[in-house]
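The chains referred to below are lettered A, B, ... by the order of the sequence lines, with proteins before strands, and numbering in each begins at 1.
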Protein chains: 2
Amino acid sequence: MTLATMPAPGERLPIGDERAAVSAVFSPLYQQIKSLLVAALERGEWKPGEPIPSEQDLAARFQVSQGTVRKAIDDLAAENLLVRRQGKGTFVATHHEPRAQHRFLRIAPDDGEERATTSRFLECKRIKAPAETVAQLDLRAGDAVVYVRRLLFFGERPVVLDDLWLPGAAFKGLTAERLAEYRGPLYGLFETEFGTRMIRAEERLRAVAAVPGAAALLNVAPGTPLLQIERVSYTYGDRPVEVRRALGATDGFHYRNTLA
Amino acid sequence: MTLATMPAPGERLPIGDERAAVSAVFSPLYQQIKSLLVAALERGEWKPGEPIPSEQDLAARFQVSQGTVRKAIDDLAAENLLVRRQGKGTFVATHHEPRAQHRFLRIAPDDGEERATTSRFLECKRIKAPAETVAQLDLRAGDAVVYVRRLLFFGERPVVLDDLWLPGAAFKGLTAERLAEYRGPLYGLFETEFGTRMIRAEERLRAVAAVPGAAALLNVAPGTPLLQIERVSYTYGDRPVEVRRALGATDGFHYRNTLA
DNA sequence: CAGTGGTCTAGACCACGTG
DNA sequence: ACGTGGTCTAGACCACTGC
């Protein structure tokens with residue numbers, strides 16, 4: 001029986017009580033199961049890329065029918081926290097997949113050609129969080145943040161200049177060396193090395209004139225219109241974990257979006 | 001029995017054959033039901049804002065279980081073609097709801113205050129479709145399109161200059177007078193008066209410098225960076241029904257987007 | 001072949017809106 | 001009280017994956 005073999009780590013209560021502990025809250029069963037699954041994801045019971053237990057096992061663990069577990073997982077798959085693979089199982093979503101990158105990197109070349117993107121990191125330092133960032137990241141005045149500046153290339157062409165502010169506590173070991181060595185998407189690094197999984201972001205886009213510094217890096221004339229993207233990223237429980245400001249050159253490139 | 005009372009208009013076959021007609025195609029039952037529902041929506045069997053038959057009635061009509069109909073409707077609700085309302089029924093989505101407007105008007109004031117938006121129509125004429133538009137709207141060379149130019153105000157402030165190209169055939173009676181009289185979202189007009197329901201759009205965003213004409217209308221200096229939004233809208237079956245190019249002033253306003 | 005998610009069914013009961 | 005969608009269950013069978 002899988003029941004006895006799968007106690008939730010950190011849960012001292014027998015299985016039956018894992019459910020009893022939340023069933024006092026009035027809400028549909030499958031939503032309670034959803035919360036339990038998110039909590040398990042959050043505490044790292046299953047790591048990004050790994051499979052979660054089968055629907056049958058989870059049904060046994062939570063003492064509900066398989067159909068109820070299925071509905072909970074359906075929701076989480078729709079929210080991109082989990083990925084179903086027929087015949088194989090259900091997996092924790094990860095940023096180390098082309099699929100996730102496509103969702104969060106919205107700048108693309110006009111001709112639609114796939115181009116290799118590479119990062120050049122220009123700066124990485126710990127600073128006292130600016131007042132605005134304190135508010136956006138739910139920090140306390142005086143808290144530290146890690147500030148990163150990077151230039152994103154499509155092929156040989158510099159296209160996006162990113163400035164990032166990350167909570168100092170969660171990103172303690174993030175250094176310029178670490179960034180320079182790393183290959184792959186930044187969110188993949190955050191997820192693997194810092195246990196911080198970004199799942200959602202809110203953006204505000206504007207057109208702005210290039211200031212001299214940015215213009216030089218992006219290889220455009222000062223004053224050139226650039227696409228400015230202000231992003232706040234969130235992890236489980238809608239906790240903000242990153243503030244990012246991007247400046248993108250949009251001659252030959254564009255920001256793609258689907259309204260549905 | 002509702003079976004006999006609900007023949008699909010335009011379907012001469014008895015009910016059983018409505019399903020048999022498609023069941024030759026191999027695909028899950030609920031997807032076939034989905035297609036049948038979309039086809040019914042497309043031919044206007046139920047109009048925007050109206051309720052569709054209950055799940056029980058549809059199950060009887062298509063000779064499947066209620067659970068299968070439910071799954072088909074779940075999908076269509078997720079795609080925003082239908083709207084479920086507990087206790088009341090399931091309704092055909094319409095652009096005459098604040099909800100739909102929020103989905104397709106992504107420019108918003110920075111302070112988050114709700115502001116009344118009004119349109120001023122500057123132009124409306126039939127022209128021969130430009131070559132690019134021919135391709136985007138799947139027309140034939142020489143086909144006519146209706147060209148519309150309008151200025152969108154937030155309160156007293158002109159914020160977005162829109163240029164629209166619509167297929168001439170479907171929008172035959174669209175005139176400047178018609179537009180001037182109308183109150184409400186453009187897509188609402190298209191849906192109600194021209195039987196063309198927009199359900200999805202693809203956009204490409206860029207930063208561009210304001211040309212003198214646009215600058216004057218938007219009350220900014222020539223050369224000011226503007227947000228340019230190129231949109232192609234689609235109706236049922238992914239048929240393109242509108243090309244739109246917007247130029248937005250982004251001082252005090254922004255384009256909001258959620259990545260999830 | 002066994003195990004996984006995917007589909008389909010049938011039936012019970014609940015929550016909500018309306019008369 | 002009735003009809004709607006919403007939840008939950010139980011069980012059967014299918015489709016895909018990997019051993």
Side-chain angles (χ1 to χ4, degrees), chain A residues 1-3 5-6 16 19-20 22-37 46 49-93, chain B residues 1-3 5-6 16 19-20 22-37 46 49-93:
Chain A
M1 184 47 139
T2 34
L3 272 184
T5 62
M6 309 202 66
R19 176 175 157 196
V22 288
S23 67
V25 183
F26 178 71
S27 70
L29 248 190
Y30 77 91
Q31 282 184 20
Q32 299 178 39
I33 303 300
K34 234 178 106 174
S35 302
L36 290 172
L37 290 173
W46 316 296
E50 292 179 2
I52 68 170
S54 74
E55 296 179 353
Q56 286 296 355
D57 287 353
L58 290 171
R61 165 165 164 179
F62 297 130
Q63 305 280 15
V64 299
S65 78
Q66 191 222 18
T68 299
V69 170
R70 164 170 289 270
K71 174 134 187 173
I73 292 179
D74 278 346
D75 272 23
L76 295 175
E79 292 168 22
N80 295 302
L81 298 197
L82 298 175
V83 178
R84 289 175 169 292
R85 288 198 238 283
Q86 178 163 169
K88 301 179 71 172
T90 300
F91 298 77
V92 181
Chain B
M1 182 49 138
T2 34
L3 273 184
T5 62
M6 309 202 66
R19 175 177 158 193
V22 288
S23 66
V25 183
F26 178 72
S27 72
L29 247 189
Y30 77 90
Q31 283 184 19
Q32 299 177 40
I33 303 300
K34 234 178 105 174
S35 302
L36 290 172
L37 290 173
W46 316 295
E50 292 180 1
I52 68 171
S54 75
E55 296 179 353
Q56 286 296 354
D57 288 353
L58 290 170
R61 164 165 165 180
F62 297 131
Q63 305 280 15
V64 299
S65 79
Q66 192 222 18
T68 300
V69 170
R70 165 170 289 271
K71 175 133 185 173
I73 292 179
D74 279 346
D75 272 22
L76 295 174
E79 294 168 20
N80 295 302
L81 298 197
L82 298 176
V83 179
R84 290 176 168 291
R85 288 198 237 283
Q86 177 163 169
K88 300 180 71 173
T90 300
F91 298 77
V92 181

Compare every heavy atom of [Y] with every heavy atom of [X], then report the nearest pair and how far apart it is.
X: A:Leu37; Y: A:Trp46; answer: CD2-CH2, 3.9 Å
X: B:Gln32; Y: B:Ser27; answer: NE2-O, 2.7 Å
X: A:Leu82; Y: A:Val92; answer: CD2-CA, 4.0 Å

Counting only non-hydrogen atoms, which of residues 68-77 of chain B are less than 4.0 Å from DNA chain D?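 Nucleic-acid contacts, sorted: B:Arg70.
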How many angstroms lie between [atom1] in [X] and [atom2] in [Y], if you round to the nearest 0.5 Å?
X: A:Lys34; Y: A:Leu36; atom1: NZ; atom2: CG; value: 12.5 Å
X: B:Thr90; Y: B:Asp74; atom1: OG1; atom2: CG; value: 9.0 Å
X: A:Arg70; Y: A:Ile33; atom1: CZ; atom2: CD1; value: 14.5 Å

Test of understanding: with salt bridge (Lys or Arg N to Asp or Glu O under 4.0 Å), list the residues that count as partners of A:Glu50, not counting sequence neighbours.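 For A:Glu50, no residue satisfies salt bridge (Lys or Arg N to Asp or Glu O under 4.0 Å) once neighbours in sequence are set aside.
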Is there a side-chain contact between A:Ile73 and A:Leu58, using heavy atoms and a 4.5 Å cut-off?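 Yes, at least one pair of side-chain atoms sits under 4.5 Å.
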Between A:Val69 and A:Gln56, is any pair of side-chain heavy atoms under 4.5 Å apart?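 No, every pair of side-chain atoms sits at 4.5 Å or beyond.
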Let me know the distance between [atom1] of [X] and [atom2] of [N], rounded to the nearest Å.
X: A:Gln31; N: C:dC14; atom1: CD; atom2: C1'; answer: 14 Å
X: B:Gln66; N: C:dC13; atom1: CD; atom2: C1'; answer: 13 Å
X: B:Leu82; N: D:dG5; atom1: CG; atom2: C1'; answer: 13 Å
X: B:Gln56; N: C:dT9; atom1: CD; atom2: P; answer: 13 Å
X: B:Arg84; N: C:dG17; atom1: CZ; atom2: P; answer: 15 Å
X: B:Tyr30; N: C:dT9; atom1: OH; atom2: P; answer: 13 Å
X: B:Phe91; N: D:dG5; atom1: CZ; atom2: C1'; answer: 11 Å

Contacts under 3.5 Å, N or O only, protein and nucleotides 17-19 of chain D:
unit_1: D:dG18; atom_1: OP1; unit_2: A:Lys88; atom_2: NZ; d: 3.4

Between C:dT7, D:dC8, C:dG6, which one does the side chain of A:Glu55 approach most closely?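 Comparing C:dT7, D:dC8, C:dG6 against the side chain of A:Glu55, the answer is C:dG6.
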When you measure from the side-chain N and O atoms of A:Thr90 to the phosphate of C:dG5, is any distance below 4.0 Å, counting only OP1 and OP2?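 Yes, such a contact exists.
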D:dT4 phosphate, OP1 or OP2: any side-chain N/O from B:Ser54 under 4.0 angstrom?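 Indeed, a polar side-chain atom of B:Ser54 lies that close.
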